[in-house]
Every structure is written in structure tokens, then in C-alpha cells.
Amino acid sequence: MTGSACIYAQQSYLTAVSSPAALVSDIESDYYVKPQTARTSSYNSATSEDIAKSFDRNYSTLYHSNYASTTFPVTLTYKFDGNSQIDYVTYVPRATGTNGNFKEVEIWYSLKNDSVGLIKYGEYNFGGGNNATTITFSPALPNPDTIYFVVKSGEGNFASCAEMEFYGINPAAFHPETIFTDGSCSELKPGITMDNIRQIPQPFYQKLASDLLNGYFDPTFRVQDYECYIDPTEQQKWSMTSYKFGYRDNPTGIYVRKGDMLIFFVGDMHGQSLSIDIQKGYEDLKTTANLPVTGTNYSIKQGMNQITAAHDGLIYVRYYNTTGEGDPVKINFVTGRVNGYYDKAIHSATQWTTLLNKATYEDFDVKGEWAVLNFPVASYKSYTGTNGLALINVYDDLVYTEQVLEGLLKYNRMMKSRAYFVTKSDSTAGYMHATNYYTGYNKSSLADILALNTAKTGLKSGWGPAHEFGHILQMPGFKGSDLGEVSNNVMSQYIVMKWGESSRLTDATCSKAVNDIVLGDGTTTYRNHSDLFVRLIPFWQLKLICEDVLGKPDFYKDLYEMLRNEFTQSENYGAARAPQKFIEFACKASGYDLTDFFADWKWTTAQVNAAKTAIASLNLPQAPIPAGKKWYNITDANYNTYKMP
């Protein structure tokens with residue numbers, strides 16, 4: 001060979017490197033602007049949750065207003081040296097719980113050596129949720145000496161936050177838009193060559209660009225467009241449910257281990273606020289509190305984001321607002337570890353096994369149309385087998401059907417985000433439970449709720465998830481100490497019967513209910529009987545009477561809507577007027593005078609008479625019933641004999 005040749009060799013390791021700190025060390029990041037001093041109109045001195053905790057760079061501490069006497073508005077004033085430009089501020093809510101999370105907020109500022117004084121920048125509503133929120137000042141605030149927050153309302157009538165973080169954009173930073181098509185840095189501009197890439201001053205961007213050019217970068221799960229959803233707090237306002245739906249509509253399929261540096265790029269955010277959650281896994285939960293959605297929430301910004309993981313966890317994008325309107329946002333998780341997830345909208349039934357076998361984290365997400373499941377990989381393999389699509393179809397059916405039963409579809413109140421089903425810690429009491437954002441399941445229950453009943457259409461044991469999700473949907477005026485573990489069982493009984501299971505309300509249970517209550521001496525009622533299934537009997541009989549015998553399929557749908565419009569969120573069945581209103585609404589929803597039925601089941605004479613007065617003008621007929629029969633004897637086994645010829 002004569003002459004000379006230059007051979008370029010490059011090994012790609014960007015997405016596999018466990019600690020890419022060396023690659024990003026020379027990237028000019030945004031700079032943090034620390035307040036010099038701060039003060040507030042209200043803080044909790046008893047546990048030292050003072051204003052200093054809001055800028056100590058520690059997400060595990062928090063500022064909290066006075067527990068005894070918080071008066072709104074609560075003001076938070078941050079003073080600066082006036083020598084640094086501030087481009088944006090990030091409000092980081094408390095790490096756990098919602099008490100004190102900001103709702104309505106005003107932001108004011110003043111500039112150094114400016115005699116104008118405080119200037120109002122804008123008004124915002126952070127919604128009282130756990131979503132970290134970034135407010136970008138456009139134009140940037142040049143040399144501010146004061147940024148002043150007026151918190152006009154907060155969750156639980158308090159004000160709290162983990163951090164208020166102030167940042168300036170470094171003008172010396174590399175501008176990726178010269179090489180990449182957008183801020184997600186997931187595609188190169190047309191015509192970019194290796195010679196262009198060698199001119200990039202930072203090794204990290206150079207590696208990423210060359211990987212894209214040479215096809216070394218696998219975008220599967222790393223690069224996705226994430227959709228906008230209506231915030232669960234907003235949805236609760238129209239649905240009047242006891243608990244809020246989840247924040248897990250956007251699983252990423254990416255996870256981190258403690259200490260990993262997570263580097264990701266965000267494309268056009270369309271003026272929206274987004275954040276990510278790193279959720280602790282089941283193994284972490286075994287030694288901590290019983291909170292399956294525990295983790296850390298981070299506000300994100302357009303362009304490059306860097307996070308050093310404080311703990312292991314799967315990552316979720318939180319993209320919610322009060323309308324659900326917002327264009328998709330593309331995010332590129334350049335580092336982080338790929339776990340994948342199963343989405344029935346894009347994956348086939350046969351892809352289930354492949355995706356599950358590729359998972360390297362202990363938990364795995366399954367995304368349906370109405371539900372998201374998060375359970376251990378080993379449990380899916382043991383109990384679900386190859387039936388992943390069938391499993392999520394069953395949970396979708398559960399969530400959809402219970403909402404329909406409650407009238408949310410008929411009255412255009414269906415939830416616009418998904419219900420979340422997740423493993424809970426075994427170290428705490430309780431087999432299953434429900435609360436805001438999820439229903440949680442002890443690991444020992446998974447053999448029943450992740451296995452299908454091949455002889456029927458549902459789960460091996462569907463009552464538990466149907467019962468817990470029923471708690472999420474419980475309505476004001478139909479819940480509380482008397483019916484807290486009863487009214488949701490209307491839902492679970494409906495679900496298991498729909499799936500072809502046997503009724504839990506056996507003939508023996510029904511006979512016991514009639515003997516103890518209807519034919520009893522009056523001291524035992526449907527509200528104080530020790531057997532929760534006995535308490536359920538009259539409420540399930542209303543379904544049999546009205547829907548199955550009298551042909552009123554919308555009975556419970558209409559009854560729930562009346563309850564939604566009548567009662568406030570805090571009113572439960574213990575309220576003095578709730579039982580009487582329930583009788584009244586049941587009569588209106590059925591179109592019949594059912595007051596004798598309620599009297600038989602020991603609603604009080606005063607409650608029955610008040611309901612009779614309320615419906616008197618409607619002139620409702622008595623429900624037709626065959627001679628010799630009593631409505632209180634109707635069961636799942638005999639209801640057909642109650643139909644009139």
C-alpha cells in the first residue's frame with residue numbers, strides 16, 4: 001500500500017455507562033441562585049419547619065405554615081444579593097403527603113436599585129398536587145433583590161413545600177439546536193456529518209450525536225412522546241369520588257439505581273409544566289412506610305436535565321393540567337436503565353413474554369386503557385404466565401364497569417386518567433387498601449389477583465381489587481363509618497357477578513339478614529349489624545328490584561348522580577339527612593314508591609316519613625310484585641320469580 005489513510009474508530013457506551021459524570025463534568029449547567037435571607041408570615045416552630053427549610057437543598061425537609069393558626073394569604077419572601085440574573089424558579093412540593101401543597105399563588109419581584117418596589121409577575125394555580133412546577137421568567141429577571149410569593153390557598157388549609165429553587169441560565173452553555181432537530185436531542189439535523197460532530201466542544205453531546213449518526217443509539221423506550229392528562233385533583237371535583245386517580249399514565253420503561261446520574265433531554269414543552277417521579281420499588285418499601293407511590297418528584301425543563309438518583313426506582317412522566325389539553329412532549333432518556341413496559345395499545349399479545357423477560361428491574365408496568373398495573377416481574381411470571389393482554393383487559397373492564405355503574409359515563413364524568421394498582425409493603429398491617437392515587441396489594445395476595453380464572457371471564461379472585469377500587473369511587477352521602485366497608489361492595493358484587501362468579505350473598509346470608517333485621521326486635525339494623533355482608537343485602541336488593549325486575553337499568557347511575565349533586569365531599573352516610581335523602585333518591589331513580597321496603601329494613605320512621613313527604617308530589621306508584629312475595633326476600637337466585645307476567 002502506498003500513501004496514507006486516516007481511520008477513525010469509536011466505541012459507543014453512552015447509554016450503558018453506569019456513571020457518566022466525567023462526560024458531563026464540563027457541560028455548562030444552569031446555575032443555582034441561593035437566597036441570602038428569607039422570611040414568612042407563618043411557620044411551624046414546634047418542629048422547626050421554618051422558611052430556611054425551603055432553600056436548604058434537601059428534599060427530605062420541608063417548610064410548613066403554623067399548624068395551629070395558618071391564616072391566608074401566607075407570604076414567603078426571598079432576598080438576594082441583586083447580582084445574579086434569575087431565569088426560572090421551581091416549586092418542589094413535600095416528598096410525601098399533600099398537606100400544605102400550594103394551590104393559588106401570586107409571584108411578585110423587585111429589582112436591585114429600582115425605586116418602583118414590588119412588581120406583580122403573575123398568578124398561578126399549582127392545584128394542591130405533588131407535581132413540582134417551574135415558572136420561567138420571560139424575559140429573565142435582571143438582578144432581582146426580592147422574589148415574593150403570596151400563597152392564597154393550600155391543601156388542608158396550610159402551606160408547605162420542600163424547596164423553592166431559583167436558577168439562572170448559563171449563556172456559555174453549548175446550544176444543541178445547532179446539531180439536533182429539537183431540545184430532546186433525539187434526532188440530528190439533515191446533513192450533519194462526523195466532521196460537524198467533532199466540532200462539538202462537550203464530549204457528552206459529541207458522543208450522543210455520533211451514536212445517533214452511526215445508529216448505535218436504540219430509542220426504544222428511551223425516546224417517547226408523552227401525552228397530557230387532566231389532573232386527578234381536578235377530576236375529583238366533578239366525580240366527587242373519595243380518592244383521586246393516579247399519576248401513572250406515562251410510564252417510561254426507564255429506571256435508575258441509587259447514585260446513578262440520570263441525563264435526559266426534553267423537547268418543546270409548549271408552555272406546560274412537567275415533572276418526573278422516581279418511584280421506590282417494592283424492595284425499598286419493605287423497610288419504609290406503607291406508601292407504594294413513595295419516591296422523589298423532580299421538576300423538569302426544556303433541554304438538558306441532570307439528576308443524581310437518591311434511590312432506586314422506575315421513572316414516570318407527570319404531565320397534567322386542569323384541562324388535559326397540551327401537545328405531546330418528546331423526552332429522550334439518554335442514560336438510565338431500560339426495563340420496558342407493556343402497553344396494550346401498541347404491543348401485541350405475543351410481545352408480552354418477550355418484554356417481561358427483558359425486564360431487569362424488580363417491578364414491571366402494564367398499561368391499559370383505564371388501568372396501570374405495577375407488580376413484581378417474578379409474580380407476573382408465576383401467576384399470569386403468557387396472559388398479559390388478558391390480564392390488563394380484565395383490569396380495564398373492572399375500572400370501566402365500576403365507573404359506568406356509578407353513572408360517570410352517562411353523565412359525562414368519566415375519569416380522564418388511569419387507576420393505578422400496585423404492590424404494597426408486606427411489613428405493614430393490611431392485606432389490601434385504597435387511598436389517594438392508588439390501590440395497594442400485599443405481595444401474598446398476588447397469586448389471586450394476577451391469575452385469570454380460565455373458566456370465567458375475570459380474575460382468580462376479583463373481589464379484592466373490585467372492593468378496593470370501589471373505595472376510590474365511594475360517594476359522599478353513601479360512605480362513612482356505617483357504610484365504609486359496605487357501599488363499595490355494591491361495586492365488587494356487581495363485578496364478580498358480571499365475570500360469572502357465584503354471588504357472595506348466599507341464601508344463608510340473606511336469611512340471616514331477614515331474621516336479624518326485618519323480623520327482629522328493631523335493635524339490630526342494616527347500619528349496626530356485625531356482618532358486613534348482611535349490611536350489604538338491602539343495597540344489593542335495590543339493584544335486583546329496580547334493574548333486574550322492574551327494568552330500570554340506570555337506577556344506580558341516576559341515584560349516584562343525585563348524591564353527587566346533593567352532598568359535599570365531606571358528608572358521609574353518618575350525616576343526619578343522608579339516610580332520608582337516600583330513600584328519596586332511590587324512589588326518584590326507580591320511578592316507584594319504595595318507602596315500605598326501607599321501613600322493612602329498619603330505616604327509621606322519621607327518615608321514611610321525611611322521604612314520603614319529599615316524593616309526595618310525584619305520585620309514584622307502588623312497585624308491582626307477585627302476590628305473596630316480599631321484596632326483602634329477593635336474592636340473586638330467585639329474582640326472576642319476582643317479574644310480573
Side-chain angles (χ1 to χ4, degrees), residues 1-32 85 87-88 136 140 167-226 252-257 259-269 274 276 298 300-309 315 317 328-338:
M1 178 179 177
T2 60
S4 62
C6 184
I7 300 174
Y8 293 98
Q10 172 151 343
Q11 178 179 4
S12 175
Y13 60 92
L14 193 59
T15 60
V17 63
S18 61
S19 181
L23 287 177
V24 300
S25 61
D26 60 347
I27 293 178
E28 301 290 347
S29 302
D30 294 344
Y31 54 85
Y32 174 72
Q85 175 174 296
D87 289 86
Y88 58 93
T136 300
Y167 291 96
I169 295 175
N170 194 324
F174 167 69
H175 298 290
E177 63 271 15
T178 60
I179 296 290
F180 304 96
T181 56
D182 66 4
S184 72
C185 296
S186 57
E187 296 180 67
L188 296 175
K189 283 186 171 182
I192 294 296
T193 67
M194 198 64 205
D195 284 336
N196 301 128
I197 293 171
R198 292 191 198 99
Q199 304 306 310
I200 299 175
Q202 280 84 27
F204 184 90
Y205 286 108
Q206 193 178 101
K207 292 284 189 184
L208 176 58
S210 61
D211 279 6
L212 289 169
L213 182 68
N214 295 311
Y216 297 146
F217 184 84
D218 183 357
T220 307
F221 294 111
R222 291 192 179 278
V223 181
Q224 298 185 67
D225 289 320
Y226 294 95
T252 66
I254 305 295
Y255 72 99
V256 288
R257 295 297 183 189
D260 283 356
M261 178 174 285
L262 179 67
I263 301 171
F264 58 100
F265 292 87
V266 181
D268 190 347
M269 292 173 62
L274 282 78
I276 65 166
Y298 300 90
I300 63 180
K301 66 182 189 303
Q302 197 162 300
M304 182 181 177
N305 294 258
Q306 300 176 228
I307 294 168
T308 299
I315 300 169
V317 172
V329 174
K330 181 180 287 187
I331 301 180
N332 175 11
F333 287 92
V334 178
T335 67
R337 307 164 191 240
V338 175

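Not measured: the values here are computed from a predicted model.
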Stepwise side chain to side chain contact (heavy atoms under 4.5 Å, CB included) test for Gln85 and Ile169
CA-CA 8 Å; Gln85 175 174 296; Ile169 295 175; 5.7 Å; no
Pairing residues for Tyr167 by the ring pair (Phe, Tyr, Trp, His ring centres under 6.0 Å) criterion, not counting sequence neighbours:
Tyr32, Tyr88
Is Gln306 reaching over with its side chain to a backbone N or O of Ile263, donor-acceptor style, under 3.5 angstrom?
no
When the ring centroid of Tyr205 is compared with that of Phe265, is the distance short of 6.0 Å?
yes
Can you measure from CD (Gln199) to OG1 (Thr178) and round to the nearest 0.5 angstrom?
11.0 Å
Output yes when a side-chain donor or acceptor of Lys189 lies under 3.5 Å from a complementary backbone atom of Glu177, and no otherwise.
yes
The criterion is side-chain hydrogen bond (donor to acceptor under 3.5 Å, both in side chains); which residues satisfy it with Asp225, sequence neighbours excluded?
none
Can you name the salt bridge (charged side-chain N to carboxylate O under 4.0 Å, His left out) partners of Glu187, sequence neighbours left out?
Lys330
Keeping the roles fixed (side chain from Asn332, backbone from Ser184), state whether a donor-acceptor pair exists under 3.5 Å.
yes
Taking side chain to side chain contact (heavy atoms under 4.5 Å, CB included) as the definition, give me every residue that meets it alongside Thr193, ordered by chain and number, with sequence neighbours left out.
Asp195, Asn196
Any donor and acceptor pair, going by atom type alone, linking the side chain of Asn214 with main-chain N or O of Ser210 inside 3.5 Å?
yes
What pairs with Phe180 under ring pair (Phe, Tyr, Trp, His ring centres under 6.0 Å), at least two apart in sequence or on another chain?
none
If the condition is side-chain hydrogen bond (donor to acceptor under 3.5 Å, both in side chains), which residues does Tyr298 pass it with, not counting sequence neighbours?
none
Yes or no on side chain to side chain contact (heavy atoms under 4.5 Å, CB included) for Leu262 and Phe333, after CA distance, side-chain angles and deciding distance?
CA-CA 8 Å; Leu262 179 67; Phe333 287 92; 4.0 Å; yes
Is the shortest heavy-atom distance from the side chain of Asp268 to the side chain of Val329 under 4.5 Å?
no
Nearest heavy-atom contact between Arg222 and Thr335 is NH1-O, 3.3 Å
